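Just so you know, these numbers come straight off a predicted model, no measurement behind them.
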Amino acid sequence: MKTILVVDDEFALVDTLKDFLEAVGYRVDVAHNGAEALEAIALSRPDLVITDLMMPIMGGKELLATIRADPALAAIPAILVSAARRQVAIPAGAEFPSFSKFLRKPFTLKPLMDAIAELIGPGG
């Protein structure tokens, strides 16, 4: 079963995504900041990370930089989500750790599921 790590400080969003993704056949681990995410990754390597950009303790930028710096984790695809108004503030590239897809909050389930299916395939 494919595992998705959902990282966000919005508890209601995390709970909703966990319930939905488990219902369609994925195993879901959760964390509420980047530091918790790194602890979860140390216990179980996910197939995909969905992370918010702005979180307390450690945000998505720092989380992705840490993941990309580890050769054993660097290939894990990541979906970055943010309510940031300007996408230009978060470009992929040398200044920002690479992410596979970007979704602006609030987002609907269809673009999220399309991104997940493209990156790791269907659940179950």
key: Separation between CD1 of Ile67 and CZ of Phe99, rounded to the nearest 0.5 Å   = 13.5 Å

ask   = What distance separates Leu73 CG from Thr66 OG1, expressed to the nearest 0.5 Å?
value = 10.0 Å

query = Could you walk me through whether Met1 and Tyr26 pass the side chain to side chain contact (heavy atoms under 4.5 Å, CB included) check?
reply = CA-CA 6 Å; Met1 181 177 289; Tyr26 296 100; 5.6 Å; no

Side chains of residues 113-124: which donor-acceptor pairs under 3.5 Å do they make with residues two or more places apart or in other chains?
| unit_1 | atom_1 | unit_2 | atom_2 | d |
| --- | --- | --- | --- | --- |
| Asp114 | OD1 | Lys110 | NZ | 3.2 |
| Asp114 | OD2 | Lys110 | NZ | 2.9 |
| Glu118 | OE1 | Lys101 | NZ | 3.0 |
| Glu118 | OE2 | Lys101 | NZ | 2.9 |

With clusters defined by side-chain heavy atoms of hydrophobic residues (ILVMFWY) lying less than 4.5 Å apart, directly or transitively, does [Y] cluster with [X]?
| X | Y | answer |
| --- | --- | --- |
| Met55 | Ile41 | yes |
| Leu112 | Phe102 | no |
| Val6 | Leu48 | yes |
| Val24 | Leu103 | yes |
| Ile57 | Val7 | no |

Restricting to side-chain hydrogen bond (donor to acceptor under 3.5 Å, both in side chains), what partner residues turn up for [X], sequence neighbours left out?
| X | answer |
| --- | --- |
| Lys105 | Asp8, Glu10, Asp52 |
| Asp15 | none |
| Lys2 | none |

inquiry  = I'd like to check the side chain to side chain contact (heavy atoms under 4.5 Å, CB included) partners of Ala40; sequence neighbours left out, ordered by chain and number.
reply    = Leu5

request  = Using the salt bridge (charged side-chain N to carboxylate O under 4.0 Å, His left out) rule, collect all pairs that involve residues 23-46, keeping only residues at least two apart or in two chains.
outcome  = Arg27-Asp29

remark   = Only residue of Val30, Ile4, Leu109, Val81 satisfying side chain to side chain contact (heavy atoms under 4.5 Å, CB included) with Leu17 is Leu109

message = Please find the pair of heavy atoms, one from Pro56 and one from Asn33, that lie closest to each other, and give the distance.
response = O-CB, 3.1 Å

Nearest heavy-atom neighbours spanning Arg68 and Ala78 = NH2-CB, 3.7 Å

request  = Mark yes or no for whether Asp47, through its side chain, and Thr3, through its backbone, hold a donor-acceptor pair below 3.5 Å.
outcome  = yes

key: Backbone of Asp19 reached by a side-chain donor or acceptor of Glu22 within 3.5 Å   = no

ask   = Is there a side-chain contact between Ile79 and Thr51 (heavy atoms, below 4.5 Å)?
value = no

